[in-house]
Amino acid sequence: MLPKAYEPQEVEKKLAEKWQNAHLFAAKTDKNKKPFVIVIPPPNITGVLHMGHALNNTLQDVLIRSHRMFGEEALWVPGTDHGGIATQNVIEKKLAKEQHKSRHDLGREEFVKTVWNWYDECGNAIFTQFRKMGWALDLSDIRFTMDEKRAQAVFECFKQWWEKKYIYRGKRLINWCVRCSTALSDIEVEHEQHAGKLWHLRYKGEDGSEGIIIATTRPETIYADAAIAVNPKDERFKNLVGKKVIIPLANRAIPIIADEAVEMEFGTGALKITPAHDATDYEVGKRHNLPIMTVINDKGKMINCPEKYLGMDREVCRKETVKDLEEAGLLIKEEKYNNAVSTCYRCHSAIEPFMSEQWFVKMDKLAAPAIKAAETGELQFHPASWKTPFVNWLKNLQDWCISRQIWWGHRIPVWYCRECSKNGLTFAKDQQGKEQLTKVSFEDGAKPIVSFNKPAQCPHCHGHDLVQDPDVLDTWFSSSLWPMSVFGWPENTPDMQYFYPSSTLVTGYEILYLWVARMVMTGLDFTGKLPFKDVYLNGIVRDKSGQKMSKSKGNVIDPLDMTAKYGTDAVRFSLLMQAVPGKDIPYSEDSITGARNFCNKLYNASRFILMNMQGINGPLSMPEKVTELADVWILDRFATAIKTAREGIKNYNLALTANTLYHFLWDDFCDWYIELAKQRFQTAEKEKVMALCVHILYETLKALHPLIPFVTEEIATSLKPFVGTTEEFLLNEKYPECNASWFNADAQAKMTVIQGVTKEIRTIRAQFNVPPTLKITTVVSAKNEADLDTVKSYEDYIKLMTKTDTLTVGINQAKPRQTATATFDKLTIYVPLTGLIDFDKERKRLEKEITLANANIVSREARLKQENFLKHAPQEQIDKTRGELAAAQLALAQAQSSLEDLK
RNA sequence: GGGCAGUUGGCGCAGCGGUAGCGCGUCCGCUUCACACGCGGAAGGUCACAGGUUCAAAUCCUGUACUGCCCACCA
């Protein structure tokens, strides 16, 4: 005997192994089949599986499994991302904690080796977790953004863009993370509102006059001021423009200039211009040819400033400067101010705008085709509302800073000759005394040689002493090539030909620009094809109250814990039930128990059917023709459910698919069909009913398999002998088709009557506490014979479902004594309850009914009196309203007469 | 400052032109021979607000108010 409750743990372990051993998820380049391809958003090799992964990968898994069952050659490509700064930070922390060492203690080579060891250790551990989740990834070939093939792709891209002059090196103000000690691109910078201060400072006139008062949030940068700017329209300062003022504490004279960028209303209307430490100021500086002076270095320490502050941390210097200004009487005002602080998306420390020479990618030519693809709808977003932000972002693109001053990543494939690039290269000795190239300056004469491997000699001077650029590429550079590189691009491999472009990208909206936009651009640039046609943006899994899950808040739900506790299917299904495209998912253990209960319901329904199969041998064939109402009806319900379930998959609305199948199985199949079947099991019909049960259940398992693969596979295994299938795995079966010939509005209507009457009787039973064991007598009456047809024909259904002994059906039946009454549509229902009636209760119930019926009558009558309604509304609608009016009138009459009788 | 999304019973959400549905929770009754991770029943909502379009609006349009997110060089 099977256990009463489904126990997923053992089953899931067994099946996950079985699937992998059978290579169930492998795909071939089968020219006779349509490919369906999803390339996984490669998880960083930094950490463990979280709810976000669980959602994102479950969605992909459902799509892959569904399309495979649709008969397509479905491939889900696995891989991991080296994760640039994020991974380097993790390893640096680990190193500090375990060995009290910095990466500089190890030296570059040794450090990179350490990260590779980490990858060997943890890279595959990620996929062990993935396998446990039952995700249908073909794990025979796992890609990594830093492996050899992917490195070739990165080089090819770099080379081609260099030759096309998309890639260039330039000196400009970039975003610098002092903590990570690297440049960042614009989108890697986050803007947070911080409670800060706005200081009003006086810059005295060079001539000893009062000068001008400016407002700033960054007093420590005054030493780098190049000018004071005012708005040219500002009457207050008109006569000051052109004059010079003295920088406080630095005693250096700078001019007052006029520039449109200055907001007259803000602060004092005067702005200090510090081109080296602020993006706006940098632009102003360029317009006015101002000198650029740097006072904060790459470590966040003060340089080129009055001696007192030299070497100070920028934060300390700010405090000191304010203090000294106050003492000098030049601090006029200090006010609280919330300013937007730029922070690093990896470590959240404050970003310094920093002058430096970096590698960039010119974006305009790359963006244009991507904009077009989105605008024409060739590229589809789900939900579509992301199209506009996507296009707008591309239209306002700044050039992409791709060089990072870290060690972990694809090293820039550019070499320099120490002979002829002498002046452009800066070296420093590391802890081991080894000489390291630290900086490259094209301005100072470094001559680039683009090459994957170290060139044999310098093409300019034939020197042999060549060194590689010290920087690595932005991690998103290799990610942007991912949909191509996973198939072996730049080589035109068979995989590339067959599987590229992929079908759908499933990812979170938080990396739409960082990743998605760039894949679209590279894909179009190198192949002329979009890397995917559909972009499905899933939401974020939040906690029950809508808060983002985070370790510091302590509201994290660990998918592996939940899986261990409730089973993988439960975790998957709970996410899918809420997976509306683009919407965040509030998540709690409660939603998992609901899904777990569903899996259990499915399991128990199956258990019941299997129990009744005892004594039946071999496969039962699906009956050619069914005539019994319950059978016709359940086939109608099934066809309808499949239609909707398929629509859900097609439109990426998996919540629709999950909910539809949930309610079909539970409400229609279990609560009505099986309940009705119980009686029929006792009759000669048994085998026919069993055949239907078995086949509908098996089809339902197929339909649910992409969503909850384990429990469905487990049940299917036991069911197979009775179905007559040769497939070992559900995944190799065909997804149920919507059989339109099963649609049956008539059966639907009849069952609605039976269910309606049943419900009324059950309500009466419950209302008057009729013990479940006590059989009752029921009378159903109507004015016309035709209205009674259904009830008459299916008396047995109602008797069974309401525990009624004697059911009398007839025209204008006399009302029995001491009876509870109810109406359903054109039917009147009497349940005589001698001795059981609570008159007070019944009176209250009837009064309520009268109120409701009256309200209904009023509104329907009003509508039916409106000429415009009768003129414009479709006939169907008018008939419906008339029907409702009649039903309400009957209900009112019945309730009134019953109430009368009670008196 | 700009843009996007949301506002539906106690909570979390579907619905998106024909006067409201689900899950959880609550209350009542059931160990009925698949399932108490269950069965049957009940209570509970003028669908944020104000206009408009329409025979008909939770559903379409306009505005308002909150809430959340994204983008942005007011120091």
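The chains referred to below are lettered A, B, ... by the order of the sequence lines, with proteins before strands, and numbering in each begins at 1. Please read these numbers as outputs of a predicted model, since none were measured by experiment.
- Among B:rG41, B:rC22, B:rC73, the nucleotide with an atom closest to any side-chain atom of A:Thr280 is B:rC73.
- Not one N or O on the side chain of A:His191 forms a donor-acceptor pair closer than 3.5 Å with the backbone of A:Thr343.
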Can you run through RNA chain B from 5' to 3' and write each base as (, ), [, ], | or . depending on how it pairs? Watson-Crick or G-U wobble, both distances under 3.5 Å. ((((((((.[[[[.)..(..]]]].(((((.......))))).....[[[[[..)....]]]]])))))))....
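- Taking atom C1' on both nucleotides, B:rC73 is separated from B:rA14 by 43 Å, rounded to a whole Å.
- Checking B:rA43, B:rG18, B:rC71 against the side-chain heavy atoms of A:Tyr513 singles out B:rC71 as nearest.
- Closest to the side chain of A:His191, from the set B:rC55, B:rA72, B:rA42, is B:rA72.
- Considering only residues two or more places apart in sequence or on other chains, A:Glu714 meets the side-chain hydrogen bond (donor to acceptor under 3.5 Å, both in side chains) condition with A:Lys14.
- If you take CD of A:Glu589 and C1' of B:rC37, they are 14 Å apart, rounded to a whole angstrom.
- Using a 4.0 Å heavy-atom criterion, one finds that A:Glu263 contacts the bases of the nucleic acid, with or without backbone contacts as well.
- With distances taken from any side-chain atom of A:Ala279 to the nucleotides B:rC73, B:rG6, B:rA75, the minimum falls on B:rC73.
- A distance of about 31 Å separates the C1' atoms of B:rG18 and B:rC66, rounded to the whole Å.
- Each of A:Tyr536, A:Tyr509, A:Phe381 was evaluated against A:Trp386; a single residue qualifies, A:Tyr509, per the ring-ring contact (aromatic ring centres under 6.0 Å, His included) test.
- The same atom, C1', is picked in B:rG51 and in B:rG44; the two are 30 Å apart, to the nearest Å.
- Using a 4.0 Å heavy-atom distance criterion, A:Arg845 is classed as making no nucleic acid contact.
- A donor-acceptor pair under 3.5 Å is formed between the side chain of A:Arg765 and the backbone N or O of A:Lys803.
- Separating the CG atom of A:Leu576 from the P atom of B:rG23 is a distance of 18 Å, rounded to the nearest angstrom.
- In this model, the phosphate group of B:rU54 is not approached by any side-chain N or O of A:His872 to a distance below 4.0 Å at OP1 or OP2.
- For the P atoms, the distance linking B:rG12 with B:rU7 amounts to 12 Å, nearest Å.
- Residue pairs meeting the side-chain hydrogen bond (donor to acceptor under 3.5 Å, both in side chains) criterion with at least one member in residues 869-885 of chain A, sequence neighbours excluded, are A:Arg860-A:Glu884, A:Gln875-A:Asp879.
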